[in-house]
Structure formats: structure tokens, C-alpha cells
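Each remark here refers to the structure printed beneath this line.
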Amino acid sequence: MELRQLTYFVAVAEELHFGRAAERLHIVQSAVSQQVRRLERELGAELFDRSPRRVRLTGAGERLLPEARAVLAAAERARAAVAPSAGLRIGTSTGLGAHLDRVLGVFAERAPDVPVELFSLPAGERLARVAGGQLDAAFVRAVEPAPGVRVLPLWPDPLVAAVPASHPLAGRPEIRVDELAALPLALTERRNNPALVDLVVGACHRAGFEPLPGPVSGSLQDTLASIGTRPLWTVVYASHARVLHNPRVAFVPFVAPGLALSTGLAVHATRTPPHLDTLLLACGDHEN
């Protein structure tokens with residue numbers, strides 16, 4: 001049994017999708033499937049119930065998951081004990097876009113000799129790693145309080161609507177939520193981002209309509225590709241929209257007060273991470 005196999009297993013167990021797990025691990029899907037199959041052969045048990053429509057943990061998989069997480073956490077602590085990081089380890093997520101670029105640029109100017117290592121992880125894992133000391137800090141949006149973590153407020157992150165460039169709404173300087181009622185809404189599953197889904201669906205309800213369900217894809221890139229070819233809409237953080245280039249998709253602001261989620265910096269509840277003051281100054285210099 002290898003740590004790599006356990007890492008791949010945990011990723012698939014959390015995503016319940018081999019493709020999304022491969023995307024998260026930045027490897028090809030076939031490698032994930034191959035290593036999980038090898039782990040199953042070594043353990044003599046099927047860990048996943050695979051079907052064309054969905055992937056579910058078997059009973060053996062459910063029992064293995066907490067043990068696998070414990071082994072990986074122990075391995076991470078062992079690495080940290082032998083070779084502690086001299087730089088700054090920051091958890092990030094997709095959608096920070098221009099925000100992240102500017103903060104890192106200002107931080108590099110203020111602390112040119114401090115290396116920064118970025119980890120793109122789901123929100124729950126970011127918080128868990130901050131609490132466990134595997135990350136020094138993490139950018140998070142509208143998260144519930146987590147044990148061992150405190151969140152320092154940074155800035156509000158406005159959302160914009162993504163619509164087909166050929167749609168009449170694409171040429172508008174701003175739009176109301178109710179004007180999107182006739183288009184299906186393509187959003188991630190709620191378990192992936194409950195704050196975002198609740199915000200958008202709640203805004204639709206306040207505007208007087210139930211959003212038409214659109215396709216649920218594994219990534220924003222796939223969703224935007226779908227919007228470029230059919231009448232759909234979704235939401236994108238304005239800071240991310242500024243660095244996206246898709247000629248078949250238009251990004252349109254909402255009429256004030258609009259939609260926004262608050263972004264904060266998660267740090268350990270009692271321990272102050274290295275270079276925190278410099279990082280917060282870089283965030284404070286950030287242009288919203």
C-alpha cells in the first residue's frame with residue numbers, strides 16, 4: 001500500500017467522481033483509476049460502487065476513508081517535523097483571479113526572500129490543514145466557523161452573471177436577477193460550495209422565480225464551454241472574470257446591490273503563522 005494510492009482514494013471518495021478527483025490532483029483520470037484499482041486488489045475489497053451515472057463508496061470504502069485520512073495526516077506531520085517550511089504555505093481556490101495575483105505581487109515586493117507555496121484545495125480541506133498546521137493560511141469565502149481556525153475578514157467578492165455572448169442580455173451594462181428567469185442555471189452541486197449556491201438560489205427566490213435547473217459540470221471551464229454553445233447562465237466572481245477570456249461568453253454585472261460573498265484569511269486559532277503581518281498588509285493594499 002502506497003501513500004499515493006491513499007491520496008488518490010481520498011480524492012475520489014471526497015469528489016465521488018474520478019474526473020473531478022483527477023482535476024483536483026492535476027493528473028490524468030486513467031492514473032487515478034489505475035492506482036485505486038491496485039489499492040483494491042491489495043486490500044482484497046471493492047472500495048467504490050461504480051456505475052455510468054454515479055460513484056459511491058462501498059461499506060469497505062467508508063471504513064477505509066477515516067483511516068486513510070489519518071495515515072496521510074501522519075505522513076504530512078512527519079514531513080513537516082523533518083523539513084519545516086521556511087516560506088509561507090497558503091491555501092487557495094479557483095475564482096480568486098486578479099485578487100490573488102495582486103496580493104502575491106505586493107507580498108513579493110514587501111518580502112522578496114520569502115517563498116510562497118500555493119495549494120488549491122476544497123474549502124473543508126483548506127480549513128482542516130490550517131487547523132492541523134499543514135497550511136499557514138488559506139483564503140476562504142463565507143465559511144462556517146471551524147474548530148482550531150479563526151477567519152480574518154478581507155474584502156467582499158462581487159459576482160457577475162455569465163451568459164452566452166449571443167444573448168440579448170450580453171450587451172447590457174448591468175442586469176437584474178429576474179431577467180435571467182427564462183434561462184437554465186448551471187451551478188456546482190451545493191455540497192461543493194453551499195454559501196455560493198444558497199446565495200444565488202436565494203436571490204432567484206427573492207426575485208420571484210425558481211431557477212430552471214441546468215447541467216452540473218465538474219469545473220467552471222466546462223460550464224463556460226456549455227454556456228458558449230447553449231442558452232444557460234451561471235455566476236462568476238468578478239475578480240476571476242477579469243482574467244477569463246472566452247469570446248462566446250459575456251460577463252455582466254448585477255444591478256446594485258448585486259450579489260457578493262465575503263473573502264477572509266483563515267489562520268490557526270492560537271498560533272500566529274510566519275509573515276502574517278506582511279500578508280495582511282499585502283491584502284490591505286489590494287484593490288477590490
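Nearest approach of Pro115 to Asp113, heavy atoms of both residues: CD-O, 3.4 Å. Between Leu88 and Val114, the closest heavy-atom pair is N-CG1, 4.3 Å. Listed here is the closest heavy atom pair of Pro173 and Pro253: O-CD, 3.4 Å. A pairwise comparison of heavy atoms in Pro231 and Pro184 identifies O-CD, 3.3 Å as the closest pair. Across Val10 and Ala68, no two heavy atoms sit closer than the pair CG2-CB, 3.8 Å. Pairing each heavy atom of Gly264 with each of Leu154, the nearest pair is C-CD1, 3.8 Å.
At distances below 3.5 Å, at least one donor-acceptor pair connects side-chain atoms of Gln134 with backbone N or O atoms of Gly132. In this structure a side-chain-to-backbone donor-acceptor pair under 3.5 Å is missing from Arg126 to Ala138. Between the Arg141 side chain and the Ala123 main chain, no donor and acceptor come within less than 3.5 Å of each other. Judged purely by atom type and a 3.5 angstrom limit, Arg89 has no side-chain atom pairing as donor or acceptor with the backbone of Ala137. In this structure, the side chain of Glu125 does not engage the main chain of Pro122 through any donor-acceptor pair within 3.5 Å.
With sequence neighbours left out, the salt bridge (Lys or Arg N to Asp or Glu O under 4.0 Å) criterion links Arg271 to no other residue. Partners of Arg63 according to the salt bridge (Lys or Arg N to Asp or Glu O under 4.0 Å) rule, which considers only residues two or more places apart in sequence or in another chain, do not exist here. Arg230 meets the side-chain hydrogen bond (donor to acceptor under 3.5 Å, both in side chains) test with no other residue; sequence neighbours excluded. Asp101 is linked by a salt bridge (Lys or Arg N to Asp or Glu O under 4.0 Å) to nothing, counting only residues two or more places apart in sequence or in another chain. A search for side-chain hydrogen bond (donor to acceptor under 3.5 Å, both in side chains) contacts involving Arg69 returns Glu14, not counting sequence neighbours. Scanning for ring pair (Phe, Tyr, Trp, His ring centres under 6.0 Å) contacts around Phe18 gives Phe48, with sequence neighbours left out. With sequence neighbours excluded, the residues forming a side-chain hydrogen bond (donor to acceptor under 3.5 Å, both in side chains) with Arg4 are Glu2, listed by chain and number. Residues passing the salt bridge (Lys or Arg N to Asp or Glu O under 4.0 Å) test with Arg37, sequence neighbours excluded: Glu40, Glu46.
Linking ILVMFWY side-chain heavy atoms closer than 4.5 Å, directly or via other members, places Leu43 and Leu65 in a single hydrophobic cluster. At a threshold of 4.5 Å between side-chain heavy atoms, the hydrophobic network of Ile, Leu, Val, Met, Phe, Trp and Tyr places Leu121 and Ile27 in two separate groups.
Ile90 contributes atom CD1, which lies 13.0 Å from atom OG of Ser120 (distance to the nearest 0.5 angstrom). Interatomic distance, CZ of Arg20 versus CZ of Arg24, reported as 11.0 Å (0.5 Å rounding). Taken to the nearest 0.5 Å, the CG atom of Leu64 stands 9.0 Å off from the CG atom of Leu57. Going from atom CZ of Arg110 over to atom CG of Asp277 covers 11.0 Å, rounded to the nearest 0.5 Å. Rounding to the nearest 0.5 Å gives a distance of 8.5 Å between CZ of Phe139 and CG of Leu118. Between atom CD of residue Glu15 and atom CG of residue Leu25 there is a gap of 8.5 Å, rounded to the nearest 0.5 Å.
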CA sep, side-chain torsions, deciding dist, call: Ile227, Asn246, side chain to side chain contact (heavy atoms under 4.5 Å, CB included): CA-CA 10 Å; Ile227 291 173; Asn246 189 325; over 6 Å; no
Side chain to side chain contact (heavy atoms under 4.5 Å, CB included) evaluation trace for Leu244 with Leu224: CA-CA 10 Å; Leu244 293 172; Leu224 295 179; 3.9 Å; yes
Applying side chain to side chain contact (heavy atoms under 4.5 Å, CB included) to His240 and His99, what does each step give before you reach the verdict? CA-CA 8 Å; His240 195 194; His99 281 305; over 6 Å; no
Evaluate the side chain to side chain contact (heavy atoms under 4.5 Å, CB included) criterion for residues Leu135 and Phe119: first the C-alpha distance (whole Å), next the side-chain angles of each, then the deciding distance (0.1 Å), finally the verdict. CA-CA 9 Å; Leu135 288 178; Phe119 298 83; 3.4 Å; yes
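When side chains are defined from C-beta on, Ser262 does not count as touching Trp155, because their heavy atoms never get closer than 4.5 Å. When side chains are defined from C-beta on, Leu265 does not count as touching Val151, because their heavy atoms never get closer than 4.5 Å. With contacts defined as side-chain heavy-atom distances shorter than 4.5 Å, the pair Leu279/Val116 does not qualify. Between Arg248 and Ser166, the closest side-chain pair of non-hydrogen atoms is not below 4.5 Å. Between His268 and Arg150, the closest side-chain pair of non-hydrogen atoms is not below 4.5 Å. A heavy-atom distance below 4.5 Å is found between the side chains of Met1 and Leu6.
Between Thr223 and the choices Thr234, Leu232, Val216, Val249, the side chain to side chain contact (heavy atoms under 4.5 Å, CB included) rule is met once, by Thr234.
In this structure, Glu76 does not pair ionically with Arg129, as no charged nitrogen and carboxylate oxygen lie closer than 4.0 Å.
Pairs engaging residues 49-82 under the ring-ring contact (aromatic ring centres under 6.0 Å, His included) rule: none recorded [sequence neighbours left out].
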Indicate every side-chain donor-acceptor pair of residues 28-35 with a distance under 3.5 Å to a residue at least two apart or in another chain.
| residue | atom | partner | partner atom | Å |
| --- | --- | --- | --- | --- |
| Ser33 | OG | Gln29 | O | 3.3 |

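Taking Ile, Leu, Val, Met, Phe, Trp and Tyr as hydrophobic and joining them when side-chain heavy atoms fall under 4.5 Å apart, one finds Leu212 isolated, its cluster having no other members. Annotation for Leu185: hydrophobic cluster partners, listed by chain and number, are Leu159, Val163, Leu169, Ile175, Val177, Leu180, Leu183, Leu187, Leu196, Val197, Leu199, Val200, Val201, Phe209, Trp233, Val235, Tyr237, Val252, Phe254, Leu259, Leu261 (ILVMFWY side-chain heavy atoms under 4.5 Å, direct or chained).
For Thr263 and Asp157, the side-chain atoms include at least one donor-acceptor pair closer than 3.5 Å.
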